[in-house]
A.B. asks: 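Structure incoming, see below.
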Number of protein chains: 2
Amino acid sequence: MTPVDHPAPAASPASPPRARTVRERAREQITAEILTAARIRLTESGPGELSLRAVARDVGMVSSAVYRYFASRDELLTALLVLAYDELGAAVEQAEAAVTDRHDVVGRWRAAWLAVRGWAVAHPGDYALLYGSPVPGYAAPQVTVEPATRVIVVILGIVMDATAAGSRMPEPPGSGDDAPVVAGAIGFAQERGLMQAEAPTELVVRTLMGWTTVFGTISFELFGHLVGSVSRADDYFEIVIDRLAADLGLTEAD
Amino acid sequence: MTPVDHPAPAASPASPPRARTVRERAREQITAEILTAARIRLTESGPGELSLRAVARDVGMVSSAVYRYFASRDELLTALLVLAYDELGAAVEQAEAAVTDRHDVVGRWRAAWLAVRGWAVAHPGDYALLYGSPVPGYAAPQVTVEPATRVIVVILGIVMDATAAGSRMPEPPGSGDDAPVVAGAIGFAQERGLMQAEAPTELVVRTLMGWTTVFGTISFELFGHLVGSVSRADDYFEIVIDRLAADLGLTEAD
DNA sequence: CGAGAAACAAGAGCAGTGCTCTCATTTGTT
DNA sequence: AACAAATGAGAGCACTGCTCTTGTTTCTCG
């Protein structure tokens, strides 16, 4: 809570952009070193067991010195959370943007989700931090919310592009007034201009389902629940995202 | 590894079933007390942060005394794992068996999955232990495998009953030879007599997908990823399992 | 340039952890 | 009654997050 004696976080208003002092640059570098070491530790230690002292030893400092950079272990976790969310989001955005044929919504869908799995497999510790069990007693602060939405924003963009292009989806089984249940998701998409007002509720439901299915699949793979059932997880993953694309009415490019 | 000095776990062969001594009964009771206290602690502490000393205090013992009952914290975790898997499995089996009309596969499907979510919401700590991020450095031993399969066995039974009764599923999008990927799941089902040899691969794929989707949905709900998108998680859950039933070709009872 | 302030690193220390060891006590068997 | 096994308690080791104090380095400003 008490931020010890951090440096002035931002210059006071109407002050010219001063040149970065040696101290400021050193501080950024050491902060980055701590974060890097913490991420490495996270791969084999889990968020709750992350030892701040071990991280300190890795960067050649004494534990109390780390508290100059992060007021608590929770603050370190928050920084790691933001870092990982942003890295994952950037990877997905980049992979999806690399699909040159923007009408190929299936290709974009596959590229985005394959990037998610690729990042998760490459960074299982960070993935567990983001999508595994939350650390008890730790509530992710507001700064983590926006980075956390980057993946679903990309996915929603693909689905809405497909709908605008005329994709059609099978009708829902029951005639239901499901809109109130997913009103939050609808509002989220509309606020970001991703969704026209007439987008059907069922499309939102299916997109949410696809979202949870993909992350559920990755979690099951990384957490060991597919052992014995699925031989090659990468092939299975492609099967899954293809079925989900079909369920959403995404059609191959023509 | 060294099991300290546990009592003789099983009577030697060809010995009559001796009456349980006071000690044996006391041991079972204290073991149960420790497990109960540990489960309570687990709700607000997470598996990795579970304090054996705190559990000991809760049952009025000193920490070293607990080691008479569990050789290590990992062994305690294993016992908790088996306990939770069995409790969840029993709840699902019971709820599914309570559907008197055995031809109502949709009803059985809904009953089973609603029991899973009900148990998960009632025991979030145990759910995180089972389906959250694994405790780093802890490998679940063999004894946990069988209890862990009870839910999917129930689900497979429903799907296979429906198929035997003539349910049909939409064709898969791509013509693929996906059988090798899910060969493990096919073998699993066949070994337990749940699956006739001619069950289509696509049905297995869709069952696996439904399985991961449901647990992905529950995990997203309990781990906070649906906040903002879904207002009433219980309603959303029912929407999801209805869509999954439709995707599997499960039809309403007639 | 040189003084004062700010930032920093190191160490000691506190309360907590998992786990081991020793020792006294209780219980069951012969 | 005698002996062995099982049990509980306590001290102790190495570790943890975190705080506080002390000495040093770096920046800023008169």
Side-chain angles (χ1 to χ4, degrees), chain A residues 1-9 11-12 15-16 18-31 33-34 38 41-42 45-78 135-138, chain B residues 1-9 11-12 15-16 18-31 33-34 38 41-42 45-78 135-138:
Chain A
M1 281 302 171
T2 40
V4 212
D5 35 331
H6 276 164
S12 41
S15 76
R18 295 178 295 97
R20 297 150 92 87
T21 67
V22 175
R23 265 233 163 104
E24 281 173 340
R25 301 204 304 122
R27 182 176 184 85
E28 285 177 17
Q29 181 180 336
I30 293 181
T31 302
E33 273 181 43
I34 294 172
R41 285 270 160 192
L42 205 59
S45 299
E49 297 80 26
L50 180 70
S51 166
L52 205 145
R53 289 179 114 115
V55 172
R57 281 194 297 271
D58 290 349
V59 297
M61 290 204 300
V62 103
S63 76
S64 60
V66 177
Y67 284 84
R68 296 276 168 195
Y69 299 88
F70 298 97
S72 68
R73 222 197 63 185
D74 282 2
E75 198 170 283
L76 212 184
L77 280 182
T78 298
V135 181
Y138 169 77
Chain B
M1 282 303 171
T2 39
V4 212
D5 37 331
H6 275 165
S12 42
S15 78
R18 295 178 295 97
R20 298 149 92 87
T21 66
V22 175
R23 262 223 166 111
E24 281 173 340
R25 302 204 304 123
R27 182 177 184 83
E28 286 176 15
Q29 182 181 335
I30 294 181
T31 303
E33 274 181 42
I34 295 173
R41 286 268 160 195
L42 204 60
S45 299
E49 297 80 24
L50 181 69
S51 165
L52 205 144
R53 289 179 114 114
V55 172
R57 280 194 298 270
D58 289 350
V59 296
M61 291 204 298
V62 104
S63 75
S64 59
V66 178
Y67 284 84
R68 297 280 171 197
Y69 299 86
F70 298 96
S72 66
R73 223 197 64 185
D74 283 2
E75 198 170 283
L76 212 185
L77 280 182
T78 298
V135 181
Y138 169 77

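All heavy atoms count here, side chains included; hydrogens, waters and symmetry mates do not. To find a chain, count down the sequence lines: A is the first, B the second, and so on, and within it residues start at 1. All values derive from a computational prediction rather than experimental measurement.
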A.B. asks: Identify which nucleotide among C:dC19, D:dG10, D:dG17 has an atom closest to any side-chain atom of B:Val62, counting heavy atoms from C-beta outward.
C.D. replies: D:dG10
A.B. asks: Grab the CD-P distance between A:Glu49 and D:dC15 for me, whole Å please.
C.D. replies: 17 Å
A.B. asks: Would you indicate whether the side-chain heavy atoms of B:Phe70 and B:Thr31 approach each other to under 4.5 Å?
C.D. replies: yes
A.B. asks: Any N or O donor-acceptor pair linking the side chain of B:Arg53 to the base of C:dG16 at under 3.5 Å?
C.D. replies: no
A.B. asks: Any donor-acceptor pair, under 3.5 Å, between the side chain of B:Arg68 and the base of D:dG8, if you only look at N and O atoms?
C.D. replies: yes
A.B. asks: How long is the line joining CZ of B:Arg73 and C1' of D:dT16, in whole Å?
C.D. replies: 13 Å
A.B. asks: Out of D:dG8, D:dT16, D:dT19, which has the shortest distance to the side chain of A:Tyr67?
C.D. replies: D:dT19
A.B. asks: Would you kindly give the CZ-to-P distance between A:Phe70 and D:dG17, to the nearest whole Å?
C.D. replies: 14 Å
A.B. asks: Check this one for me: any side-chain N or O of B:Tyr69 less than 4.0 Å away from OP1 or OP2 of D:dG8?
C.D. replies: yes
A.B. asks: Among C:dG18, C:dA9, C:dG11, which nucleotide has an atom closest to any side-chain atom of B:Leu52?
C.D. replies: C:dG18
A.B. asks: Decide side chain to side chain contact (heavy atoms under 4.5 Å, CB included) for B:Ile30 and B:Val59; before the verdict, give the C-alpha distance in whole Å, the side-chain angles of both, and the deciding distance to 0.1 Å.
C.D. replies: CA-CA 8 Å; B:Ile30 294 181; B:Val59 296; over 6 Å; no
A.B. asks: C:dA6 phosphate, OP1 or OP2: any side-chain N/O from A:Arg27 under 4.0 angstrom?
C.D. replies: no
A.B. asks: Check the distance between D:dA6's P and B:Arg25's CZ and give it to me in whole angstrom.
C.D. replies: 19 Å
A.B. asks: For residues 50-58 of chain A, tabulate all N or O donor-acceptor pairs below 3.5 Å that involve a side-chain atom, not counting sequence neighbours.
C.D. replies:
residue: A:Ser51; atom: OG; partner: A:Arg53; partner atom: N; Å: 3.4
residue: A:Ser51; atom: OG; partner: A:Ala54; partner atom: N; Å: 3.0
residue: A:Asp58; atom: OD1; partner: A:Arg41; partner atom: NH2; Å: 3.1
residue: A:Asp58; atom: OD2; partner: A:Arg41; partner atom: NE; Å: 2.7
residue: A:Asp58; atom: OD2; partner: A:Arg41; partner atom: NH2; Å: 3.4

A.B. asks: Please report the distance, rounded to the nearest Å, between CZ in A:Arg57 and C1' in C:dA10.
C.D. replies: 15 Å
A.B. asks: What nucleotide, of D:dC18, C:dG16, D:dG10, holds the atom closest to the side chain of B:Ser64?
C.D. replies: D:dG10
A.B. asks: Partners of B:Thr78 by side chain to side chain donor-acceptor pair (under 3.5 Å), sequence neighbours excluded?
C.D. replies: B:Tyr138
A.B. asks: Between B:Ser51 and C:dG18, does any side-chain N or O lie under 4.0 Å from OP1 or OP2?
C.D. replies: yes
A.B. asks: Assign A:Ser72 to base, sugar-phosphate, or nothing according to its heavy-atom contacts below 4.0 angstrom with the strands shown.
C.D. replies: sugar-phosphate
A.B. asks: Whole angstrom is fine here: how far is it from CD1 in B:Ile30 over to P in C:dT27?
C.D. replies: 11 Å
